[in-house]
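See below for the structure under consideration.
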Amino acid sequence: MSRSDELLTVTQVLKELGGVSRRTFYRWRQLGRAPVCIQLPNLELRVWRSDLNAWIESRREAA
């Protein structure tokens with residue numbers, strides 16, 4: 001995590017992923033395939049932008 005890193009809401013993450021549905025995102029979480037999330041005391045989820053970027057990069061396929 002860098003000083004310029006930011007916590008994203010689930011809504012922001014879904015938008016970054018091109019409109020993935022909330023249901024799909026939570027299914028990925030259930031299956032252990034979603035980006036690393038932080039659960040706040042109010043039970044809302046957040047994702048560090050750097051974790052989202054690393055997760056996206058880890059899914060890149062070799063051509």
Side-chain angles (χ1 to χ4, degrees):
M1 175 182 73
S2 69
R3 290 180 69 96
S4 64
D5 209 352
E6 64 179 317
L7 281 172
L8 302 172
T9 65
V10 171
T11 301
Q12 290 171 310
V13 170
L14 299 177
K15 187 176 178 183
E16 291 277 332
L17 295 175
V20 169
S21 75
R22 186 171 292 268
R23 181 177 179 176
T24 296
F25 180 80
Y26 281 100
R27 177 79 171 141
W28 288 348
R29 275 187 43 87
Q30 186 179 35
L31 295 171
R33 303 181 88 188
V36 175
C37 296
I38 296 169
Q39 190 171 42
L40 301 177
N42 64 0
L43 303 181
E44 290 184 12
L45 297 176
R46 297 291 186 271
V47 177
W48 285 111
R49 180 172 292 285
S50 59
D51 287 340
L52 178 61
N53 291 340
W55 179 82
I56 291 169
E57 188 63 29
S58 74
R59 267 124 192 95
R60 183 183 295 236
E61 292 184 6

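- Residue pairs meeting the salt bridge (charged side-chain N to carboxylate O under 4.0 Å, His left out) criterion with at least one member in residues 13-23, sequence neighbours excluded, are Glu16-Arg49.
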Solution key, residues 30-42 side-chain donor-acceptor pairs under 3.5 Å, sequence neighbours excluded:
| from | atom 1 | to | atom 2 | distance (Å) |
| --- | --- | --- | --- | --- |
| Gln30 | OE1 | Arg27 | NH1 | 3.0 |
| Asn42 | OD1 | Glu44 | N | 3.0 |

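- Residue Val10 is found in a hydrophobic cluster whose other members, listed by chain and number, are Leu8, Val13, Leu14, Leu17, Val20, Phe25, Tyr26, Trp28, Leu45, Val47, Leu52, Trp55, Ile56; membership requires side-chain heavy atoms under 4.5 Å apart, directly or through intermediates.
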